[in-house]
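The structure appears right after this line, and notes come after that.
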Number of protein chains: 2
Amino acid sequence: MSRPQEFDTSEALYQALGVFWRKGYEATSLTELLTATGLSKSSLYATFGSKRELFMAAFDTYRQDRARAAHHVLEQGPVRPAIDAFFHQLFANVNDAEPAFGCMSINQAVELAPHDAEVRQRVVQDLQSMENLLTRTIERGQQSGALTSPRPARDLAKLLVLAFPGLQVMARAGYSTQQLNDSLQLLLSHLDG
Amino acid sequence: MSRPQEFDTSEALYQALGVFWRKGYEATSLTELLTATGLSKSSLYATFGSKRELFMAAFDTYRQDRARAAHHVLEQGPVRPAIDAFFHQLFANVNDAEPAFGCMSINQAVELAPHDAEVRQRVVQDLQSMENLLTRTIERGQQSGALTSPRPARDLAKLLVLAFPGLQVMARAGYSTQQLNDSLQLLLSHLDG
DNA sequence: TCAATTTTGGACCGATGAGTCCGTAATTAC
DNA sequence: GTAATTACGGACTCATCGGTCCAAAATTGA
């Protein structure tokens, strides 16, 4: 009955996400979004509504993907490598040209959260989920003997969550992989002893 | 010989700083800067050159003030209250209407640093200064017996620097003073034991 | 008082921001 | 083939962006 859509909506969303993730909300122009998605202006507006709606859709896509990945990494296998891998996602760079993107939720905690309740709520939720997930993982490690710290698992998880944005900041400030790894090992050493 | 300037340059700079601190670079418009400083456009450009130059001047003013304050707080008096006070500067809110501004250097690590070498360099320098200063303070605490952790002072300092942006993110995400304080105490508990 | 100098307000600029709209092309069901 | 429907490109709007420029007002030293 109707002409079929020529582009892949999901694909376009991911392309837009890439730009928002790297540059943030304000610094991203419509023109860049059109270039990245390959859509025409009318298609983009018909599909996503507005810049802000597109941003929120992209952000939620990101959050969903990351949550899934975090569960996948943390809820199976030996605890210590799992936690290590979890943090490595943070500064695994797509291309080595520029600093890592870091975590988009943390980026948005800084950029939009203070002035935007919807974003703020999402950031809080992400931090909370991360704490819960890490708590379960650390409990698992303590039970298996892989982690020897006698502190409550939740306290240790809180410490990791607290340090998470620090690693992100270092990554975005251009610290080397070596330095990031050193900091990470230092942090994780607090899971023992 | 010449007509004297009607406004206080330094005062105007501080007003501009307030806006940049709260909203970041991109989200701050010239119009807002004019309103905040009370200057006319020509005066602002004659005095500060451009939006970017004004930003950098404001940023450097901020960094200088903060460094001075940090030294003042950390280099005298009992170590533990000193460190406590140091972190409290982070979420001491000017007015309780909105979330705390946090640390401008951290904000800029997220917003501009990835794409702007000049900003990046300043951020790295700030993190480094902070680590050095905290190292000295912790050493002092270990010598006086106020801090009982056997870990190297520099390692403990690195942990605090790593957690610093985390507290900032929580502050900007709207966490309560109570929650921030709990996290801070949890963090500082690692200075003992 | 007058000349020299400098600040100041506001008009003005081109570029770009996000967003709207419509004519045209393409695809489908019948 | 044709009618109905939808996607698409691009022209268009209006506001705001950062930034320039100039004429007028104000203050100073002499």
Side-chain angles (χ1 to χ4, degrees), chain A residues 1-61 107-108 111-112 115-119, chain B residues 1-61 107-108 111-112 115-119:
Chain A
M1 198 178 195
S2 80
R3 177 179 170 186
Q5 205 177 45
E6 282 184 8
F7 58 89
D8 181 341
T9 304
S10 165
E11 176 61 27
L13 192 57
Y14 272 99
Q15 294 305 322
L17 167 57
V19 186
F20 280 132
W21 189 356
R22 181 160 41 93
K23 310 193 58 171
Y25 181 79
E26 294 288 349
T28 297
S29 72
L30 234 340
T31 309
E32 285 173 288
L33 292 170
L34 297 180
T35 305
T37 58
L39 299 192
S40 71
K41 213 173 230 189
S42 47
S43 298
L44 187 138
Y45 273 89
T47 310
F48 299 109
S50 67
K51 181 185 175 185
R52 174 155 220 283
E53 288 174 87
L54 173 55
F55 172 82
M56 291 304 272
F59 189 23
D60 281 338
T61 298
N107 293 346
Q108 288 312 314
E111 185 188 3
L112 295 187
H115 320 290
D116 186 322
E118 283 184 64
V119 172
Chain B
M1 197 180 196
S2 79
R3 178 180 168 184
Q5 204 176 47
E6 282 185 6
F7 59 88
D8 181 340
T9 303
S10 164
E11 175 62 25
L13 190 57
Y14 272 99
Q15 294 304 323
L17 167 57
V19 186
F20 280 132
W21 189 356
R22 180 159 42 93
K23 309 196 57 172
Y25 182 79
E26 294 288 348
T28 297
S29 73
L30 233 340
T31 308
E32 285 173 289
L33 292 170
L34 297 181
T35 305
T37 58
L39 299 192
S40 73
K41 214 173 230 190
S42 47
S43 298
L44 186 139
Y45 273 88
T47 310
F48 299 108
S50 67
K51 181 186 174 184
R52 173 156 220 283
E53 289 174 88
L54 173 55
F55 172 81
M56 291 305 271
F59 189 22
D60 281 339
T61 298
N107 294 345
Q108 288 312 314
E111 185 187 3
L112 295 186
H115 321 289
D116 186 323
E118 283 184 65
V119 172

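All values derive from a computational prediction rather than experimental measurement.
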(message) Can you identify which nucleotide, out of D:dG19, C:dC21, C:dT8, has its nearest atom closest to the B:Ser42 side chain?
(response) C:dT8
(request) Calculate the interatomic distance between B:Leu30 atom CG and C:dC13 atom P; express it in whole Å. (result) 18 Å
(request) Would you name the heavy atoms of A:Ala27 and B:Glu26 that are closest together and state the gap between them? (result) CB-CG, 4.0 Å
(message) Let's test your reading of the model: under 3.5 Å, does the base of D:dG10 pair with the side chain of A:Lys41 as donor and acceptor?
(response) no
(request) Please check if any side-chain donor atom of A:Thr35 sits under 3.5 Å from a side-chain acceptor atom of A:Glu32, or the reverse. (result) no
(request) Answer with base, sugar-phosphate or nothing: what part of the nucleic acid does B:Ser29 contact at a heavy-atom distance below 4.0 Å? (result) sugar-phosphate
(message) Taking the basic N atoms (NZ, or NE/NH1/NH2) and the acidic carboxylate oxygens, is any pair closer than 4.0 Å for A:Glu118 and A:Arg52?
(response) yes
(message) I need the CD-P distance between B:Glu32 and D:dG18, as an integer number of Å.
(response) 9 Å
(request) Might you point out which heavy atoms bring B:Leu112 and B:Phe55 nearest each other, and give the distance in Å? (result) CD1-CE2, 3.8 Å
(request) Please state how far atom CG in A:Asp8 lies from atom C1' in D:dA7, giving the value in whole angstrom units. (result) 15 Å
(message) Just verifying a value: how many Å separate A:Thr28 OG1 and A:Arg22 CZ, rounded to the nearest 0.5 Å?
(response) 8.0 Å
(message) Please determine whether a side-chain nitrogen or oxygen atom of A:Thr31 lies at a distance below 4.0 Å from atom OP1 or OP2 of C:dG17.
(response) yes
(request) Report the distance from atom CG of A:Leu13 to atom CZ of A:Phe59, rounding to the nearest 0.5 Å. (result) 13.0 Å
(message) Between B:Ser40 and C:dT8, is there a contact of a side-chain N or O with OP1 or OP2 at under 4.0 Å?
(response) no
(message) Quick check: closest heavy atoms across A:Leu54 and A:Phe20, and the distance to 0.1 Å?
(response) CG-CE1, 4.1 Å
(request) In whole angstrom, give the distance that lies between atom CG of B:Leu34 and atom C1' of D:dC17. (result) 12 Å
(request) Using a cut-off of strictly less than 4.0 Å between a heavy atom of the residue and any atom of DNA chain D, enumerate the qualifying residues of residues 43-57 of chain A by number. (result) A:Ser43
(message) How many whole angstroms separate atom CG of A:Leu33 from atom P of C:dA18?
(response) 8 Å
(message) Using whole Å, what does the distance between atom P of nucleotide C:dG9 and atom CG of B:Leu39 come to?
(response) 8 Å
